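Sequence lines set the chain letters: A, B, ... in the order given, protein chains first and strands last, and positions in each chain run from 1. All values below were derived from every heavy atom in this structure, side-chain atoms included, with hydrogens, water molecules and symmetry-related copies excluded. Being a predicted model, the structure only gives us computed values, none of them experimental.
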Amino acid sequence: MVKVDEALWQRRWKEARLFSVSDHPPQEAKTYYVLEMFPYPSGRIHMGHVRNYTLGDVVARYKRAQGFTVLHPMGWDAFGLPAENAARDRGVHPATWTRENIAAMRTELQSLGLSIDWEREFATCDPEYYGRQQDLFIDMFEHGLVDRRESAVNWDPVDQTVLANEQVIDGRGWRSGALVEQKRLSQWFLRISAYAPALLAGLNNLPRWPERVRLMQEAWIGRSEGAEIQLALDTPIQDHRAITIYTTRADTLYGMSFVALAVDHPLSAACAISDPAVAAFLADCRRLGTSEAAIGSAEKRGIDTGLQIRHPLIPGRTVPVWIANFVLMDYGSGAIFGCPAHDQRDLEFARLTDLPVLRVVRSDTGEDAPIGSVAYTGPGTMMNSGSADGLSSDEARARIVDLLIEQGIARRVVNWRLRDWGISRQRYWGCPIPIIHCTSCGAQPVPRHDLPVLLPDDVSFDLPGNPLDRHPTWGVVPCPRCGRTARRETDTFDTFVDSAWYFARFCAPRASQPIDREAATRWLPVDQYVGGIEHAILHLLYARFFTHALRDLGRLDVSEPFSGLFTQGMVTHETYRTGGGQWVYPDDVDRSPEGARLRATGEELQIGRVEKMSKSKCNVIAPSAIISRYGADTARWFVLSDNPPERDMEWTENGAHGCSRFLQRIVRLCEEISGRKIDTGSTGHECGPVQRSLLRAQNRTIASVTEALEHFAFNVAIARIHEFVNTLADAAQAGEPGLNTALHAAVNVLCRLICPMVPHVAEHIHSALCPASDRLVAEMPWPVADASWLIVDRVTVAIQVMGKLRGTIEVPVDAPAEIVLETALREPTVARAVGDRSILKKIYVPRRVLNLVVQE
RNA sequence: GCGGGCGUGGUGGAAUGGUAGACGCGCCGGACUCAAAAUCCGGUUCUGGCAACAGAGUGUCGGUUCAAGUCCGACCGCCCGCACCA
C-alpha cells in the first residue's frame with residue numbers, strides 16, 4: 001500500500017500561505033466567498049462535518065484554480081448550553097471546556113486538508129467577537145429595533161431557559177426534547193417583524209437558493225391580506241363596545257353564525273368577572289396550556305359568553321359571542337367571526353355547539369347543497385347574501401369590505417405570521433445583553449466605551465438557573481445616566497444571534513469596528529454557503545434579518561448575506577442491536593453479506609434501519625478512525641462519490657474501502673507512468689491511435705468534470721474521472737512511439753482535475769511526475785479543454801424502426817441522412833425489422849438517432 | 001389538511017424528449033498464490049435461447065410525440081416542511 005503523506009502537503013500549503021487572502025484584495029481581483037456553516041465545538045468532528053466541509057472545500061479549491069481570490073474561513077459557534085452542562089457534571093469551567101474542544105476539533109479539521117484561511121479563525125465566545133456584537137445590539141437599541149416586554153414565553157423546564165417559537169418543535173424544546181411550558185417573563189425582543197415585508201420580498205432575489213428553503217421561509221413569514229372589522233356589541237360590557245375581528249374571507253360575512261374570542265382576549269377576561277362558568281373555562285384552558293395542546297389534535301372547546309354582536313350587514317340580526325380554545329391571541333386581533341359553511345374549523349366548532357350552518361357560496365360547478373361534514377372553501381358565486389347575491393366570491397369580498405369601510409367599521413390590513421424574535425436566555429455561557437436596569441431611569445444601554453461587558457469567570461454551576469443572577473458583585477453597576485446603583489441585565493443572547501453576523505466578521509476578523517464596511521462590501525454576499533437543511537428557517541432567517549437591519553444601520557452595503565445556498569443531506573449508517581436490544585457500534589461488528597455478528601462473541605446481531613448517524617443509536621463512524629486508517633482523501637472521495645450531495649448518503653465500510661482502493665490504483669498507475677522515460681527527440685512522428693484516443697478522453701474529461709463541478713454533481717465528476725483513469729490504464733498497456741509523453745501529459749491533467757476532491761493524492765502524483773518542481777497543484781490553474789479534441793469525426797447512430805432500437809451504426813459526423821439510411825439498411829437486424837414494408841417516414845437527428853416509420 | 005420533493009438492476013446512482021442502467025459497490029467465474037490478502041482479467045436488468053437474436057422493462061393506469069425515465073392527467077407509495085394563522 002502506498003502511503004500518501006498528507007501531513008507533508010498540509011504543511012507545504014500552510015508554509016506557502018496559499019489560502020490566506022487579504023481583507024482588501026486588489027481592485028482587479030475576482031473574488032469568491034465560500035462558507036460552510038461554522039461548527040459547534042463539541043470536541044470531535046463527525047461525518048456530517050466531513051461532508052459539509054469537503055463540499056465547501058471542493059468549491060473553494062475549484063474556484064481558486066479558476067483564478068478567483070477565494071475567501072474560505074473557519075470559526076466556532078462557541079456559546080451554548082453543553083458547556084454549562086459539562087461544567088455542572090464535571091466541574092470544568094465552560095471556557096476551559098470550550099477552548100479544549102476547539103483545539104481538538106481544529107486538529108481534526110486540519111487533518112482533512114481543507115483550503116481554509118486559518119488566520120481568520122475566531123470563536124463567538126471571544127470577547128473581541130461578542131463585545132462587538134454588544135455594540136451592534138446597542139445600534140439596534142438606539143434605532144428602535146429592540147423591545148422589552150412581558151410576554152408569555154416558551155419555558156424549557158430541563159434547560160431552564162426561554163425558547164423562541166422557532167426553537168419549539170412539536171411542543172418540545174429543540175435541544176432538550178422536554179415538553180415546553182408557558183410562563184410570563186420580561187424579555188428582550190428584536191423587531192424582526194418590522195422586516196417581514198423586506199424578508200419576504202428579498203426571497204425573490206435569491207435564485208441560487210433551493211426552492212424549498214425559500215418556500216419554507218415564505219410560509220414562516222406568512223403574509224396574509226385581509227380586513228379588520230369592528231363588530232358592535234349589542235350591549236356594551238365594561239368599556240368594550242365592539243369586537244375587532246380579522247378575516248380574509250369577508251365575502252362569507254352573510255354566513256356568520258358566531259364570533260369567537262381567544263382565551264387570552266381582554267373581553268374574555270371581562271366576561272369572566274361576572275360569569276363564573278366563563279372563569280372556570282378560561283382557567284381550564286390555561287391549565288392545559290400549549291404544552292399539552294401542542295402534542296396532539298386538541299379538542300375544540302368553547303363557551304357561550306351570552307354576549308351578542310349586531311350583524312354589520314343584516315339589520316336586526318344578532319350573533320352570539322363565544323370564547324374558543326382554537327383562536328390565537330397573538331395572530332390578527334385575537335378574535336374571529338365564524339362562517340361554518342366555508343371554513344373547516346368553524347364547521348367543526350358549529351357541529352360541536354349546534355350553531356347554524358348557512359351556505360353563502362355556490363361552487364363554480366353549481367353545487368349549492370347544504371354543507372355536511374366538509375366545508376366548501378373554494379371560490380364561487382354568492383347566494384343567501386343579500387345585495388351581494390350573484391357576485392363572484394372575489395368581487396363580493398372587495399365589495400363588502402368597501403361597504404364596511406364606508407360605514408367606518410373596517411380597514412384593510414396585511415397580517416404576518418412572523419413574530420418578534422425573543423433573544424433573552426437565562427444562561428451563563430452566552431453573550432451578556434449590554435443593558436443596565438436603573439430603578440429611576442429604566443433600561444439603559446451600556447455606554448460604548450464600557451464595552452465589552454465581559455462574562456465573569458468566578459461562577460458556580462452547582463445550582464439550577466443562571467449563575468449570573470447569583471453572582472455577588474458582577475451585576476452591581478452605577479446607572480450610566482444618573483449614577484445611582486443599578487443592576488446589570490443578567491440574561492444572555494440566544495446563540496442564534498452569534499451566528500447571525502459571523503459571516504460579515506470573517507471579512508475582516510481583526511478590525512476594530514464590528515464590521516469593516518469596505519471589506520464586507522468587497523466580499524459579501526457569500527457566493528456559496530453550504531450547510532444542513534435543518535437551518536432552513538432559524539439561522540438563515542436570522543442572518544438575513546441581521547443583514548437587512550445592519551444595512552439600514554449603515555454597517556453594511558448589502559441586503560442579503562448569502563447569494564448561493566447549498567443544503568447537503570445527512571450521513572447515515574446501518575444500525576445494529578443485540579438480542580437484548582442493546583445498540584452496537586459498527587466498529588464492534590463483523591459485517592458480511594450473510595449478516596452481522598458481534599466481533600467479540602460471535603453473537604448474531606439484528607440489522608436495523610439505515611438512520612442518521614447518532615450517538616444514541618451507536619451508528620457512528622469516527623472520521624479520525626477513517627483518516628488514520630485510509631487517509632483524509634479516502635473520506636473526502638467517499639462522501640463526494642456516493643450520491644448527489646443534497647441527498648442523504650449511507651456510509652458503508654465497503655464504500656470507504658472501494659474508494660481507498662481506487663485512490664491507491666491512481667497512485668500506482670501514475671507513479672508507474674511517471675517512472676517512464678519521455679521519448680525525447682522523436683517528435684517528428686505522427687500521433688498514433690492510442691494517443692489520439694487518450695487525448696480525446698483527456699479533453700472530454702476536462703469538459704465533463706468542469707460541467708459537473710459547476711452543477712454540484714460531484715458524484716458525476718468522480719464517475720468521469722473513473723472513466724478517464726480506466727482509459728489511461730488501458731493506454732499505458734499499449735506501445736506506441738511518443739506515447740509516454742502523452743501519458744505524462746495525461747497524468748498532469750489528472751492531478752489538477754482531482755485536486756479539489758483529493759488534494760493530497762493530487763500533490764503526491766504531481767510530485768512523482770515532476771520531482772524537480774516545487775510548484776504545488778493547489779496553486780495550478782484549472783485545465784482547459786482543447787476544443788479541437790472535442791470534435792469527433794465518427795459517431796455511433798442508433799437505428800430505430802417504429803421507435804424500437806434495432807441496431808447501431810458508425811458513420812462520419814456530417815454524413816447526410818441518405819448515407820445514414822443506406823448504411824442502416826445494410827445492417828441485418830435493421831433490414832429484418834423493416835422487411836418488405838415500405839418506409840413512410842424517416843426522422844434523422846444528426847449524430848444521434850435515425851427512426852424509420854414503416855407501414856404497419 | 002396545505003405546500004414541496006422523490007419512485008430507475010441485488011445496491012448507490014447516470015441519462016439537453018433521441019442507444020435506459022454510465023461509473024461505483026456487491027455478487028459470480030477465472031489468473032496469480034501452498035494459502036489468504038492485495039492485484040489483474042471476464043461476466044452481471046429480467047425471460048427464452050448454446051449462440052446469433054427475440055420479447056419485456058424506469059411505482060400503476062391513461063395521454064401527447066416519429067420517439068417518453070424525461071412532457072401532460074389521474075392514482076398508489078415513500079420522504080420532508082408547515083399546520084386550528086381565521
Return the value, rounded to whole Å, for the distance between atom CD of E650(A) and atom P of rG13(B).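 It works out to 10 Å between those atoms.
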
Does any nucleotide pair with [N] by Watson-Crick or G-U wobble geometry, both distances under 3.5 Å, and what is it?
N	result
rG42(B)	rC28(B)
rA51(B)	none
rC2(B)	rG81(B)
rC61(B)	rG73(B)

Between F258(A) and F349(A), is the ring centre distance below 6.0 Å?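 Yes, close enough.
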
For rA22(B) and rG13(B), measure between their C1' atoms and round to the nearest Å.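 Approximately 10 Å lies between the C1' atom of rA22(B) and that of rG13(B).
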
Proximal nucleotide (of [options]) relative to the [X] side chain:
X	options	result
P644(A)	rA14(B), rU19(B), rG18(B)	rA14(B)
H657(A)	rA38(B), rA14(B), rC66(B)	rA38(B)
K300(A)	rC84(B), rA83(B), rA54(B)	rC84(B)

For RNA chain B, whose closest nucleotide is more 5', that of Y246(A) or that of R848(A)?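 Its nucleotide being nearer the 5' end, the pick is R848(A).
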
Base orientation of rG9(B), syn vs anti, 90° cut from 0: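 It is syn.
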
